Amino acid sequence: MTILGILKIFILFGILVYLIFAVVVVKQVKIMNATLKTPLEFPVQVSSFIPLAFAVAVFLFALLAL
Amino acid sequence: MAEIFSASPKMLDEQTHPEMAGFRTKNPLTSFAYEPENIHFLDQDAEEKVVLFLRWHPITNLGWILLSFAFLIAPVIFAYFPVLSSLPLGFRLTISLLWYLIAVTYVYEKFLHWFFSGFLITNKRVIDIDFENLIYRQVSFATLDKIEDVTIKAGGGGMTLFNYGDVFIQTAAEIENIEFERIPKPDKVAHILKGLILKKGQLKEKPQ
């Protein structure tokens with residue numbers, strides 16, 4: 001296995017870990033919206049999916065480009 | 001689940017502070033809201049009304065906002081120092097995307113930290129909601145009749161210029177101290193709190 005191959009595995013693994021973290025963030029934002037109710041409840045909940053979507057996009061890009 | 005409702009302009013009786021009328025706002029990003037109609041919290045009783053809703057003063061966000069701009073322009077600067085030039089294009093692009101992913105996460109985490117970390121004073125208790133990071137939160141509260149001492153701390157150029165500071169609330173409850181940190185107008189907050197505590201004491205003394 002080449003150094004680039006090892007680097008690819010590390011990068012993909014790192015993004016996978018981040019994906020799990022991003023799912024936890026979505027759940028946590030839902031809990032916080034339930035704890036403190038504000039008029040921005042829906043926009044904030046939707047925004048919690050942005051890091052998750054970004055991470056999925058980066059993971060797919062890394063799978064194809066690396 | 002508490003329903004969002006339209007409350008009458010004065011939630012309190014004769015202890016309402018008329019000088020605070022100008023601080024009623026519907027701005028969801030406010031750091032200081034007197035008797036907000038659109039702020040509620042979990043475990044709020046039916047007869048419990050939010051008197052004051054506070055967040056950290058907006059100026060406290062300046063540090064991470066500036067750092068975020070630095071994160072965003074860093075790849076442009078690094079382009080002049082080709083550190084990763086030995087790597088294939090795919091790797092360089094992926095690493096750049098990872099950098100922005102981390103930057104977005106940093107900005108989002110800081111915003112959520114400010115947005116959800118709030119302090120509430122109701123007609124029954126004081127509540128400290130602390131959203132320490134994206135995966136840890138702490139909610140503390142103490143009833144008004146357990147409050148023993150209120151201390152204001154505000155010092156330094158920034159706090160004086162932008163009129164923000166800390167209000168420390170000492171209680172006889174299990175949680176001995178509740179700290180309202182970096183809030184706007186700490187003097188007004190302490191004044192309102194004192195009024196509510198005094199009113200609570202008067203209600204207790206009334207004959208049955």
Side-chain angles (χ1 to χ4, degrees), chain A, chain B residues 1-5 25-30 33 36-44 50 53 55 84 86-109 111-113 115-120 127 129-139:
Chain A
M1 180 160 288
T2 63
I3 291 178
L4 287 180
I6 295 170
L7 186 59
K8 178 179 178 178
I9 291 170
F10 268 113
I11 289 174
L12 289 174
F13 179 74
I15 299 173
L16 268 177
V17 170
Y18 180 88
L19 272 170
I20 296 169
F21 171 74
V23 170
V24 172
V25 165
V26 171
K27 174 76 178 170
Q28 185 72 355
V29 169
K30 189 177 177 184
I31 291 171
M32 287 312 299
N33 267 326
T35 303
L36 182 67
K37 295 182 188 301
T38 69
L40 292 182
E41 184 174 338
F42 181 71
V44 169
Q45 189 61 57
V46 169
S47 72
S48 69
F49 287 95
I50 293 175
L52 180 61
F54 195 177
V56 169
V58 172
F59 182 76
L60 292 173
F61 178 83
L63 266 181
L64 295 171
L66 296 181
Chain B
M1 182 181 292
E3 301 267 343
I4 294 178
F5 64 95
T25 176
K26 292 186 178 177
N27 179 5
L29 297 177
T30 185
E37 296 179 359
N38 51 11
I39 299 290
H40 303 270
F41 58 96
L42 194 68
D43 196 34
Q44 183 174 353
V50 178
F53 173 70
R55 288 191 180 105
L84 305 173
S86 58
L87 292 174
L89 179 63
F91 279 86
R92 279 182 275 149
L93 287 174
T94 302
I95 289 170
S96 293
L97 285 174
L98 277 174
W99 176 269
Y100 283 115
L101 183 62
I102 291 167
V104 164
T105 305
Y106 174 77
V107 170
Y108 190 61
E109 191 263 341
F111 169 74
L112 289 182
H113 193 184
F115 184 80
F116 281 120
S117 293
F119 312 99
L120 298 106
I127 301 154
I129 300 174
D130 197 357
F131 187 44
E132 293 197 16
N133 55 48
L134 284 170
I135 54 175
Y136 182 79
R137 70 193 185 280
Q138 179 174 311
V139 181

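Convention: sequence-line order gives letters A, B, ...; per-chain numbering from 1. Just so we're clear, the structure is a prediction, and the values are computed from it rather than from any experiment.
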Engineer: A side-chain contact here means heavy atoms from C-beta on lying under 4.5 Å apart; do A/Q28 and B/F131 qualify?
Structural biologist: yes
Engineer: Does any non-hydrogen side-chain atom of B/E109 lie less than 4.5 Å from one of A/V25?
Structural biologist: no
Engineer: CG of B/N38 to NZ of A/K37: how many Å apart, nearest 0.5 Å?
Structural biologist: 13.0 Å
Engineer: Got a sec: does the CD1 of A/I6 have more than 12 other heavy atoms crowding it under 6.0 Å?
Structural biologist: yes
Engineer: Tell me, side chain or backbone of B/F53 under 4.5 Å from chain A's heavy atoms, or both, or neither?
Structural biologist: side chain
Engineer: Let me know if A/K8 has heavy atoms under 4.5 Å from chain B in its side chain, its backbone, both or neither.
Structural biologist: both
Engineer: Which bit of B/L97 comes within less than 4.5 Å of chain A, counting heavy atoms only: side chain, backbone, both or neither?
Structural biologist: both
Engineer: Write down the atom of B/P88, the atom of A/L4, and the distance for their closest heavy-atom approach.
Structural biologist: CG-CD1, 3.8 Å
Engineer: Using every non-hydrogen atom in the two residues, find where B/P28 and A/L40 come nearest and quote the distance to one decimal.
Structural biologist: CB-CG, 3.6 Å
Engineer: Heavy-atom distances under 4.5 Å only: say whether A/I31 touches chain B with side chain, backbone, both or neither.
Structural biologist: side chain
Engineer: Can you give me the closest heavy-atom contact between B/F91 and A/I11, atom names plus distance?
Structural biologist: CD2-CD1, 4.1 Å
Engineer: Under 4.5 Å between any side-chain heavy atoms of A/Y18 and B/L98, yes or no?
Structural biologist: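 A side-chain contact under 4.5 Å is absent here.
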Engineer: Which heavy-atom pair separates A/A55 from B/L101 by the least distance, and what is that distance?
Structural biologist: N-CD1, 3.9 Å
Engineer: Roughly how far apart are A/F21 CZ and B/T105 OG1, rounded to 0.5 Å?
Structural biologist: 6.5 Å
Engineer: Return the minimal non-hydrogen interatomic distance between A/L36 and B/F116, and the atom names on each side.
Structural biologist: CD2-O, 3.9 Å
Engineer: Which bit of B/I127 comes within less than 4.5 Å of chain A, counting heavy atoms only: side chain, backbone, both or neither?
Structural biologist: neither
Engineer: Measuring from atom OG1 of B/T94 to atom CZ of A/F59, what distance do you get when rounded to the nearest 0.5 angstrom?
Structural biologist: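 Going from OG1 on B/T94 over to CZ on A/F59, the span is 11.5 Å.
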Engineer: Measure the shortest side-chain to side-chain distance between B/L87 and A/L7 over non-hydrogen atoms and say whether it is less than 4.5 angstrom.
Structural biologist: yes
Engineer: Where is the tightest heavy-atom contact between B/Y108 and A/P51, given as atom of each residue plus distance?
Structural biologist: CD2-CG, 3.9 Å
Engineer: Counting heavy-atom pairs under 4.5 Å with chain B, which one of A/A65, A/A22, A/G14 comes out on top?
Structural biologist: A/A65
Engineer: About how many Å separate CG of B/L112 and OG of A/S47, when rounded to the nearest 0.5 Å?
Structural biologist: 6.5 Å
Engineer: Heavy-atom distances under 4.5 Å only: say whether B/L120 touches chain A with side chain, backbone, both or neither.
Structural biologist: side chain
